[in-house]
> 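Dropping the structure in here first, questions after.
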Amino acid sequence: MNDILKELNTEQQAAVVHTNGPNMVIAGAGSGKTRVLTYKVAYLISQGVEPFRIMALTFTNKAANEMKERIMQLVHNQDARNVWMGTFHSIFARILRVDGHLLGFPSNFTIYDTDDSKSLIKSIVKELGLDTKTYTPSAILHRISMAKSNLISARDYAEDPELTTYDRVSQRPQTGQIYATYQQRLFKSACMDFDDILFFTNILLRDFPDVLFKYQQRFSHLLVDEYQDTNYSQYLILKRLAARHENICVVGDDAQSIYGFRGANIQNIFNFKKDYPDHILFKLEQNYRSTKTIVEAANTLIMHNKEQIFKKIWTDKEQGQRISLIKAATDSEEGILVAHAIFENKMNRQLPNSSFAILYRTNAQSRSFEESLRKLNIPYRIYGGLSFYKRKEIKDLLAYFRLVCNPHDQEALVRIINYPARGIGETTLEKLRVAASEKDKSMWETMLNLKADACGIAPGTAGKISDFIIKIRSYQAQLANTGAIDLAEHIAYTAGIIRELKEDQTPEGISRMENIQELLNAIRDFSDRPQETINEITGEITTTANPTLDRFLQEVSLLTDLDSDDDKENKDKVTLMTVHSAKGLEFPYVFVVGLEENLFPSYLSMNTRAELEEERRLFYVAITRAMDKLTLAWAMNRYRWGNLSFSQPSRFLDEIDPQCLESTQKVTAPLNTVRKLKPLPQEKQHADPPDFRPEDMQRIAVDMTVEHDRFGKGKVIALEGQGANRKATVAFDQAGKKQLLLRFAKLKILDE
DNA sequence: AAATAGCGCTTTTTT
DNA sequence: AGCGCTATTT
């Protein structure tokens with residue numbers, strides 16, 4: 001172990017070997033923050049601390065896994081994998097699965113992602129008879145999220161004059177009511193949203209002293225990465241857990257605090273100092289990542305912030321190249337110039353694609369870079385944006401899995417009860433919703449005890465509901481004793497999703513099918529990997545083989561696409577991502593693009609000094625990702641929501657010491673002004689098929705062969721309803737099973 | 001019931 | 001420009 005310590009500088013060593021009592025490491029960009037944390041855990045293990053008594057909280061799961069790997073190398077001890085290491089959310093979700101029953105949650109509770117939460121809020125807003133344009137789901141969710149991060153329950157919220165006044169002033173007086181209903185609904189569905197994981201962890205530790213005691217005892221050492229981005233709720237969990245041993249080490253950099261918008265509280269740094277007056281403070285100021293030019297540029301920039309903990313970041317490295325500035329005429333030219341710059345550097349210096357990164361403020365900016373990179377045949381990978389797990393087809397299949405594992409999960413139920421179409425429409429759903437809310441039961445329970453006539457549901461529809469229930473139950477019966485991949489494939493093939501997708505042979509349809517296959521592959525990988533399980537008594541983590549599908553779901557709900565892509569064959573790609581997701585990463589060549597007023601800084605963050613300073617810290621994070629060479633780009637004109645608008649260069653460009661910048665400015669502008677003409681809309685066909693006979697409608701009966709102008713030939717399987725509402729279920733040779741309203745469908749009888 | 005056309009709306013960052 | 005929702009069509 002002493003050999004290992006030699007790989008650290010004096011300050012880093014001091015921080016690593018200080019293992020007793022509270023301590024804080026303020027670490028500048030590129031100063032080896034993660035290194036200190038990794039070595040500290042390794043050092044603790046080498047000093048005889050049992051791995052499962054160490055809790056290390058990181059910002060991403062990827063960081064956690066990399067750290068674990070490194071630690072195992074350092075200590076030559078497989079037990080190191082028993083360190084409780086992961087994001088706040090994944091670690092405390094794990095704890096809630098063990099002890100959440102005390103709060104009334106089953107251990108298989110579902111975690112809602114932002115889309116689930118918004119869609120639930122939307123349906124609540126509608127139920128309460130409010131306007132979804134005033135009460136936009138994202139605004140409401142933001143309010144609820146802020147409340148939860150500050151441990152304000154729905155009841156507290158309603159009684160808080162400041163919050164309610166704010167809501168009244170902003171024309172949304174019912175926000176508190178929505179919050180309360182939202183919580184009830186989540187609870188009945190056995191679901192938690194992201195903020196609930198931290199909120200309920202706090203409640204658990206607050207109201208159940210023996211649980212608190214158990215974890216306080218167990219975790220002798222707490223370590224926290226990216227402490228500057230923790231919120232109040234996270235702060236309080238740490239404070240509670242650390243109260244017994246007070247061996248808590250937090251690592252962070254106030255200059256890189258960029259998550260204020262989601263409740264991160266820089267005050268936590270000062271609270272730490274207050275809570276532990278005898279804490280030791282370490283400062284890491286030597287940067288090992290970047291050239292002198294880049295470090296100086298970053299230092300001069302951040303000086304413009306008023307609120308900061310003073311430190312002087314310095315480096316031993318060479319002066320390096322000056323920072324290039326690209327001034328483009330338009331956003332598409334910005335893309336071209338950046339792609340060409342990458343191409344030239346790559347060729348002249350024989351660099352791999354992976355040494356380049358393009359960083360932008362908003363996901364929407366990625367397009368022009370994708371286009372130009374593609375034209376030059378430069379492989380790239382985009383992170384963020386529409387992530388894999390947010391795609392419709394993936395969410396659909398996952399919803400089946402979710403419903404099987406937790407039938408009370410209402411968002412999952414609503415999503416798939418009529419997908420693929422099985423004749424349970426919006427009207428029926430509304431009746432079920434009303435019935436469920438009257439009986440104060442989950443929708444699933446309501447369906448199980450369905451008294452159809454009482455809810456005004458037709459017998460035919462009730463039959464379809466019961467078919468659906470039987471299907472889901474048959475999956476549920478297999479859950480416990482079937483491996484994840486076997487059940488997943490069984491569901492994918494028998495629920496009709498794959499059948500539905502196979503019909504669609506458009507490029508999008510084919511890509512959707514590929515995505516489903518990719519999801520199944522991911523589950524296969526997961527099934528092949530032994531799973532960690534917590535031993536309830538000792539807290540030790542043991543592994544079990546052949547995990548079930550619910551284990552997969554629990555894992556997947558907290559993943560981001562940043563976490564899960566390492567072993568892709570082709571790793572040598574240019575990276576495109578937002579500055580936020582670039583936190584903690586580094587690249588030899590970095591392009592920070594879109595440096596314009598109202599874009600970076602964002603027009604939404606220029607109202608207060610605090611917001612503007614956060615934007616500046618964000619830019620600070622962006623430029624400190626660069627190791628060797630930094631290029632900044634901006635466009636004089638940019639397409640914004642459909643039309644071209646003029647831009648001013650970002651004020652941040654003027655805040656960098658001009659000595660760090662290249663004096664020359666490139667201006668080349670072969671403008672691509674030819675835009676494709678849209679084809680004229682086609683004349684619609686209103687006429688009936690020439691040989692259509694209206695009287696056929698009366699004569700149609702089960703087992704007849706019929707023809708539809710779009711779906712082709714098919715056989716009538718069932719008929720229901722009377723008069724104008726008469727419907728036929730037809731099995732088409734090509735298009736599959738469809739329900740059609742005879743009044744419209746114009747079916748032609750081919751064979752009786 | 002299912003598909004489509006057209007309209008208005010939104011646009012920050014993410015565990 | 002792209003999306004989701006509503007109104008309209010089949």
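Basis for what follows: all heavy atoms, side chains included, without hydrogens, waters or symmetry-related copies. Chain naming here is simple, since letters A, B, ... match the order of the sequence lines and numbering starts at 1 in each.
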> Over how many whole Å does the gap from A/Y389 atom OH to B/dT14 atom C1' extend?
17 Å
> Compare the minimum distances between each of B/dT12, B/dT13, B/dT15 and the side chain of A/L604, then state the nucleotide with the smallest one.
B/dT12
> Could you state the CE-C1' distance from A/M606 to B/dT13, rounded to the nearest angstrom?
16 Å
> Can you tell me if A/S605 touches the phosphate of B/dT12, counting only side-chain N or O atoms and a distance under 4.0 Å to OP1 or OP2?
no
> In whole Å, what is the span from the CG atom of A/L198 to the C1' atom of B/dT14?
13 Å
> Base, sugar-phosphate, or nothing: which does A/K583 touch, judged by heavy atoms less than 4.0 Å apart?
nothing
> Take atom CG of A/N231 and atom P of B/dT13, then tell me their distance rounded to the nearest Å.
20 Å
> With a 4.0 Å cutoff (strictly under), does any side-chain N or O of A/K133 reach OP1 or OP2 of C/dC5?
no
> How long is the line joining CZ of A/F200 and P of B/dT15, in whole Å?
22 Å
> With DNA chain B as reference, determine whether A/T578 or A/I424 sits nearer its 5' end, using the nearest nucleotide of each.
A/I424
> Just checking A/H580 against A/F261, ring centres under 6.0 Å apart?
yes
> What contact category does A/N418 fall into here, base, sugar-phosphate, or nothing, at under 4.0 angstrom with non-hydrogen atoms?
sugar-phosphate
> Under a plain distance cut-off of 3.5 Å, with no hydrogens placed, do A/S650 and A/E596 share a side-chain donor-acceptor pair?
no
> Measure from the side chain of A/K122, starting at C-beta and using heavy atoms only, and say which of B/dT12, B/dT14, C/dC5 lies closest.
C/dC5
> Looking just at side-chain N and O atoms, do A/T578 and A/S581 make a donor-acceptor pair shorter than 3.5 Å?
yes
> B/dA1 C1' sits how many Å from A/L429 CG, rounded?
14 Å
> Which whole-number value in Å describes the distance from A/K126 NZ to C/dG4 P?
14 Å
> A/H89 has a side chain; which of B/dT15, C/dG2, B/dT12 sits nearest to it?
B/dT15
> Can you sort out which residues in residues 251-262 of chain A have a heavy atom within less than 4.0 Å of DNA chain B? Ascending by number, please.
A/Y259, A/F261, A/R262
> Report yes if the distance between the aromatic ring centroids of A/Y259 and A/F59 is under 6.0 Å, otherwise no.
yes
> For A/F109, does the six-membered ring have the charged nitrogen or CZ of A/R97 within the cation-pi criterion, i.e. under 6.0 angstrom from the centroid and within 45° of the normal?
yes
> In whole angstroms, how far is the P atom of C/dC3 from the CZ atom of A/R391?
13 Å
> Between A/S581 and B/dT14, is there a side-chain N or O to OP1/OP2 distance below 4.0 Å?
yes
> From A/T230 OG1 over to A/Q228 CD, what is the distance, rounded to the nearest 0.5 angstrom?
8.0 Å
> Out of the candidates A/D196, A/D193, A/D409, only one should pair with A/Y112 under the side chain to side chain donor-acceptor pair (under 3.5 Å) rule; please name it.
A/D409
> Of A/R402, A/K122, A/R415, which is the lone residue that meets salt bridge (Lys or Arg N to Asp or Glu O under 4.0 Å) with A/D116?
A/R402
> Please report the distance separating the C1' of B/dT12 from the corresponding atom of C/dC5, rounded so that it comes out in whole Å.
24 Å
> So, does A/N363 get its side chain near the phosphate of B/dT13, meaning an N or O under 4.0 Å from OP1 or OP2?
yes
> Within the structure shown, what part of the strands sits under 4.0 Å from A/R640 by heavy-atom distance: base, sugar-phosphate, or nothing?
nothing
